[in-house]
Amino acid sequence: MKRIVILISGRGSNMLSILDANLPVEVAAVISNRRDAAGLASAHARGIKTLAVEHRDYASREAFDAALAEKIDELSPDYVILAGFMRILGNDFVRRYAGRLLNIHPSLLPAFPGMATHRRALEEGVKIHGCTVHFVTEKLDHGAIVIQAAVPVLETDTEETLATRVLKQEHRIYPEAIRWLAAGRLKVEGNRVCIGIPGTPKGTLISPEMSR
Ligand code: GRF
């Protein structure tokens with residue numbers, strides 16, 4: 001069975017969606033860059049090994065990345081899963097886990113890389129927002145896309161209501177992506193991921209929905 005390590009920074013709801021999906025993977029540990037991350041306690045309560053590598057204990061980004069990589073390598077995972085991990089990882093770290101490092105981002109990449117995606121989506125007046133699971137590369141929020149879920153933006157939406165609906169989709173697509181990853185179904189060709197799902201696309205999603 002493939003082994004994964006999950007990196008979190010806070011609440012850990014994406015991490016929990018992965019743990020609760022009964023995936024055919026062994027979760028070697030959940031690691032946080034913050035000792036007080038609520039998600040660490042939730043993972044511990046489910047019997048998962050937890051570790052904190054507190055970024056504030058390190059003088060530089062490189063020193064933190066190296067300490068984190070050392071902990072990860074002790075666990076010998078096949079894949080490293082960033083699930084609400086809010087530290088930017090340096091190029092050496094990203095290269096070390098190239099092709100084995102997945103992230104979830106709360107926007108339809110390449111739109112809105114970086115922070116405050118829901119606020120920016122509302123400010124820009126987009127009609128469709130969503131979330132993306134992608135391989136991590138040296139360019140922030142820019143690697144090959146595995147799966148996306150689209151969410152219509154409603155006129156009544158606030159940052160919070162939009163975030164809540166997007167998060168619900170994050171909890172659907174991340175376990176799915178990891179299922180494919182663990183089954184060896186993801187082939188990256190350039191910037192495209194081939195998943196090998198037979199069948200044709202189901203149509204077009206347009207928001208607001210049109211009458212015909
Ligand atoms: C999620 O929206 C994730 O995509 C983003 O930060 C949030 C973390 O939520 N990077 P959680 O810790 O998984 O609950």
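Here the structure is a predicted model, which is why all the values come from computation and not from measurement. Order of listing sets the numbers, starting from 1, for every ligand and every atom in it.
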Gly39 to ligand 1, any heavy atom closer than 4.0 Å: no
Sub-4.0 Å heavy-atom approach of Ile8 to ligand 1: no
Chi angles and distances behind the side chain to side chain donor-acceptor pair (under 3.5 Å) call for Tyr58, Asn33: CA-CA 11 Å; Tyr58 297 88; Asn33 63 307; over 6 Å; no
What is the nearest protein non-hydrogen atom to [atom], stated with its residue, atom name and distance?
| atom | value |
| --- | --- |
| atom 12 (O) of ligand 1 | Gly12 N, 2.8 Å |
| atom 11 (P) of ligand 1 | Ser13 N, 3.4 Å |
| atom 7 (C) of ligand 1 | Arg11 NH2, 4.1 Å |

Reported CG-to-CZ distance for the pair Leu68 and Arg96, which is rounded to 0.5 angstrom: 9.5 Å
Modelled atom types, side-chain donor and acceptor of His134 and His105, under 3.5 Å: no
No-hydrogen, no-angle side-chain donor-acceptor test under 3.5 Å, His129 and Ser107: no
Electrostatic pair Glu138:Arg95 at N-O distance under 4.0 angstrom: yes
Lys/Arg N to Asp/Glu carboxylate O, Glu124 vs Arg120, below 4.0 Å: no
Residue Glu170 vicinity, atoms of ligand 1 by number, heavy atom under 4.0 Å: 1 (C), 2 (O), 3 (C), 4 (O)
Atom indices of ligand 1 within 4.0 angstrom of Gly84 heavy atoms, with elements: 8 (C), 10 (N)
